[in-house]
2 protein chains.
Amino acid sequence: MANVTMKDIAEKIGVSSVTVSKALNDKEGVSDALKDKIKQLADDMGYRYNTTAKSMKNGLTYNIGVVIPERFSGGMSQSFYFRAYQQAARVFEKYGYYGIMNILTDADEEALKLPRLYYEKKVDGFIFLGQLSADYINLIKEMDMPKVFLDFYDEHDEIDSVITDNFFGAYDLTNYLFNKGHKDIGFVGNLHSTSSIQDRYLGFYKSLLEHGKDLTKDWIINDRDERGKYVEFDLPDALPSAFVCNCDQVAHAFVNRLKQEGYKVPEDVSVVGFDNDIYATITDPNLTTVEVDIHEMVSEAVKIIIKKVQGTKKCYGRQSIKGKIVKRASVWDKRQG
Amino acid sequence: MANVTMKDIAEKIGVSSVTVSKALNDKEGVSDALKDKIKQLADDMGYRYNTTAKSMKNGLTYNIGVVIPERFSGGMSQSFYFRAYQQAARVFEKYGYYGIMNILTDADEEALKLPRLYYEKKVDGFIFLGQLSADYINLIKEMDMPKVFLDFYDEHDEIDSVITDNFFGAYDLTNYLFNKGHKDIGFVGNLHSTSSIQDRYLGFYKSLLEHGKDLTKDWIINDRDERGKYVEFDLPDALPSAFVCNCDQVAHAFVNRLKQEGYKVPEDVSVVGFDNDIYATITDPNLTTVEVDIHEMVSEAVKIIIKKVQGTKKCYGRQSIKGKIVKRASVWDKRQG
DNA sequence: CTGAAAGCGCTTACAG
DNA sequence: CTGAAAGCGCTTACAG
């Protein structure tokens with residue numbers, strides 16, 4: 001019972017282990033009768049396929065590393081990363097692969113240490129989930145192994161990446177505010193923090209430009225320091241009638257702050273977020289926001305990494321996955337009111 | 001550059017691969033000078049250790065499967081499972097192991113299909129995270145591989161498990177309510193749904209008994225059907241002055257329902273939850289609750305599974321990890337008011 | 001201190 | 001349709 005191998009099965013029937021291998025893998029060269037007999041016996045003997053031996057032969061582990069920087073794994077953004085990882089696990093399954101999560105500690109990222117998964121040849125490729133430092137990205141580039149960035153990208157576009165369409169998402173959302181009669185619109189977020197936030201800001205800006213508006217410095221409100229830590233909002237005396245926040249969590253905090261200062265939301269100030277995570281519906285009023293298509297993003301990223309692991313040299317570049325606006329009560333219709 | 005092996009290193013220096021193996025593993029029988037030379041060369045040649053080959057030899061994969069039933073992976077309980085999985089990944093790391101997450105679909109659980117990880121010998125043991133059906137538990141018992149249950153347990157106590165101390169957590173919490181002057185206390189939860197909820201209920205009941213109170217049927221309010229789906233609360237006309245809810249999410253919904261019915265929380269009715277998850281702080285008023293010690297639980301579970309994988313035959317039984325009461329505004333002090 | 005031999009469990013040509 | 005031989009990259013006795 002201990003450890004059944006193909007050889008054990010072979011000896012019991014009186015054939016060679018080659019024949020057993022062929023039968024169990026449904027390959028040609030074994031009569032159907034014998035195949036059935038072998039399969040039956042394998043079942044009876046409690047045989048389990050030894051993937052490690054196969055890996056040894058062809059050099060593939062059938063594992064993909066999913067690297068998540070530590071700082072995204074705590075806090076509140078959890079939900080996004082868990083859903084993403086989970087969806088990845090599901091899609092890997094379809095391809096006969098497994099994902100191995102590797103939390104990249106801040107210290108390792110700082111010290112430019114590649115994941116242990118790499119040094120131990122435990123995986124055939126990597127999905128990096130969540131913005132990494134520029135230096136670390138350079139390090140990754142030199143790593144000779146298939147890789148895909150998920151939810152962020154390399155500015156030099158040398159590594160395939162799948163991102164949410166932050167630019168057009170924020171652009172659409174800002175247009176939506178203009179359509180509702182808003183004329184002055186601000187933005188909440190640190191423009192230098194991540195490429196996602198920057199792109200959302202630029203989409204917002206594009207909409208402003210198209211509506212003949214200029215940027216108003218006072219209405220670009222910072223939400224976090226350079227290490228990503230949230231800071232107090234610095235509110236000017238005069239506010240625009242609407243704000244585009246870089247994410248729902250910040251929109252949630254921003255709404256609370258506005259209410260604390262005596263503003264009514266959305267009557268005095270409308271607020272929109274991004275992500276459609278739990279903060280969108282625990283905010284009062286519920287937030288109009290953009291729902292990121294996690295499933296589609298993850299499926300795409302997995303599809304790409306599997307193709308690359310299987311040998312495609314093709315470069316997929318930067319894939320943007322469209323989100324969709326979810327309309328809720330946090331936007332005031334100025335055309336009627 | 002393609003694929004550097006120990007043999008390549010050996011040939012370059014003019015020694016055997018046995019010597020390289022010894023040097024790279026810091027084993028005896030190689031002079032320090034040669035060791036250094038070999039390590040240096042390995043580095044220069046970009047050598048990466050082939051874990052698969054090692055696995056082939058000793059039959060260990062250095063992976064542990066973490067199985068999470070699909071129904072816990074969606075919804076709102078996410079946060080708990082993600083934090084748990086993440087913490088597990090961190091602790092595995094310390095032991096030189098990796099975790100591989102396997103979402104167990106409802107269909108596979110129903111059909112009594114073991115995880116693919118098992119049939120492919122991809123792991124040395126399993127942590128099962130989250131309540132499984134009785135039939136599935138029986139199936140697991142027959143699987144000859146080390147395993148630990150996390151956050152639930154087998155009623156026959158045949159499989160090691162690590163759980164939060166639901167019984168004493170709810171007991172302490174109910175005592176706390178009595179101490180605040182409450183005399184009539186109800187419970188919200190389905191008594192037949194999971195062992196966690198049942199234990200919380202029993203802890204609550206124990207406190208009642210100790211305070212000379214009997215159960216009042218009307219004040220045991222159901223929150224979900226047998227498949228775990230939430231149902232409308234069936235509120236009686238007369239309510240007790242306090243309720244112990246089986247979890248924060250349900251407490252959140254229950255508070256909203258009470259407010260909807262015109263009750264003031266906590267003035268008219270106090271409410272306490274369990275878990276200290278996000279629902280505890282998005283509820284108005286914030287919930288008094290029990291914080292589960294995820295880190296400790298996970299660390300313990302990982303420690304146990306590693307020991308078993310390494311050959312310990314010892315049985316650890318059922319380990320309860322104590323949580324702690326987090327006091328917030330949802331409990332009215334009846335002694336002063 | 002160093003190495004030749006055997007083996008972990010499978011698969012891939014190749015030969016019959 | 002079936003199988004002997006070689007090999008994937010390492011490690012474990014064992015011999016020198």
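Residue numbers start from 1 in every chain, and the chains themselves are labelled A, B, ... in the order their sequence lines are given, proteins ahead of strands.
- Comment: B:K314 does not engage B:D160 in a salt bridge, judged by the lack of any side-chain N to carboxylate O separation of less than 4.0 angstrom.
- Distance, B:E120 CD to C:dC10 P: 13 Å, rounded to whole Å.
- The listed nucleotides are C:dT12, D:dT11, C:dC10; the one nearest the side chain of B:S21 is D:dT11.
- Here A:N3 reaches the OP1 or OP2 of C:dG9: one of its side-chain N or O atoms lies under 4.0 Å away.
- Of the listed nucleotides (C:dC10, D:dG9, C:dT11), C:dC10 has the atom at the smallest distance from the side chain of A:T5.
- At the heavy-atom level, B:K27 lies under 4.0 Å from the strands shown only through sugar-phosphate atoms.
- Between B:S17 and B:A53, it is B:S17 whose nearest contact on DNA chain C lies nearer the 5' terminus.
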B:N138 vs B:E142, side-chain hydrogen bond (donor to acceptor under 3.5 Å, both in side chains): CA-CA, chis, key distance, verdict: CA-CA 7 Å; B:N138 282 328; B:E142 284 165 22; over 6 Å; no
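- Of the charged side-chain nitrogens involved, none lies within less than 4.0 Å of a carboxylate oxygen, so that B:K322 and B:D293 do not count as a salt-bridged pair.
- Residue B:N50 places its side chain closer to D:dG9 than to any other of C:dA4, D:dC8, D:dG9.
- The nearest whole Å value for the distance from the NZ atom in B:K22 to the P atom in C:dG3 is 9 Å.
- Ion pairing between B:D26 and B:K39 holds under the 4.0 Å rule for side-chain N and carboxylate O.
- For the OP1/OP2 pair of C:dC1 and a distance below 4.0 Å, the side-chain nitrogens and oxygens of B:T19 include no atom meeting the criterion.
- Put simply, B:Y47 has no side-chain N or O that comes within less than 4.0 Å of OP1 or OP2 on D:dG9.
- Considering only side-chain atoms of A:V18, the nucleotide from C:dA4, D:dA5, D:dT2 that sits closest is D:dA5.
- Minimum heavy-atom separation, A:A42 to A:L24: CB-CD1, 4.2 Å.
- With salt bridges taken as basic N to acidic carboxylate O contacts below 4.0 Å, none links A:K54 and B:E120.
- Checking C:dA4, D:dA4, D:dC10 against every side-chain atom of B:Y49, the shortest atom distance belongs to D:dC10.
- Between B:K141 and B:D154, the closest side-chain pair of non-hydrogen atoms falls below 4.5 Å.
- A straight line from CZ of A:R48 to C1' of C:dG9 spans 14 Å, rounded to a whole angstrom.
- You'll find that the side chain of B:V30 is closest to C:dT2, out of C:dT11, C:dT2, C:dC8.
- If you measure from atom CG of B:D8 to atom C1' of D:dG9, you get 10 Å, rounded to the nearest angstrom.
- With D:dT12, C:dG9, D:dT2 as the candidates, the nucleotide lying closest to the side chain of A:S31 is D:dT2.
- Picking from C:dT11, D:dT2, D:dG9 the nucleotide with the shortest atom distance to the side chain of A:M6 gives C:dT11.
- A donor-acceptor contact under 3.5 Å is not formed by the side chain of A:K121 with the base of D:dG9.
- Under the 4.5 Å side-chain criterion, counting only non-hydrogen atoms from C-beta, A:E300 is not in contact with A:Y316.
- The distance between atom NZ of B:K7 and atom C1' of D:dA6, rounded to the nearest whole Å, is 12 Å.
- Taking the nucleotide of DNA chain C with the nearest heavy atom to each of B:E28 and A:K57, the more 5' of the two is matched to B:E28.
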Dot-bracket for DNA chain C: what is it, with Watson-Crick or G-U pairs under 3.5 Å, [ ] where a pair crosses earlier ones, and | for a pair to another strand? |||.||||||||.|||
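- When rounded to the nearest whole Å, the span between CG of B:D32 and P of C:dT2 equals 10 Å.
- Between C:dC8 and B:N58, no contact under 4.0 Å exists linking OP1 or OP2 to a side-chain N or O.
- The two residues B:Y136 and B:F128 have their closest heavy-atom pair at CE2-CE2, 4.5 Å.
- In this structure, B:I9 places its CD1 atom 14 Å from P of C:dG3, rounding to the nearest Å.
- Remark: P of C:dT12 and CG of A:L24 are 14 Å apart, rounded to the nearest angstrom.
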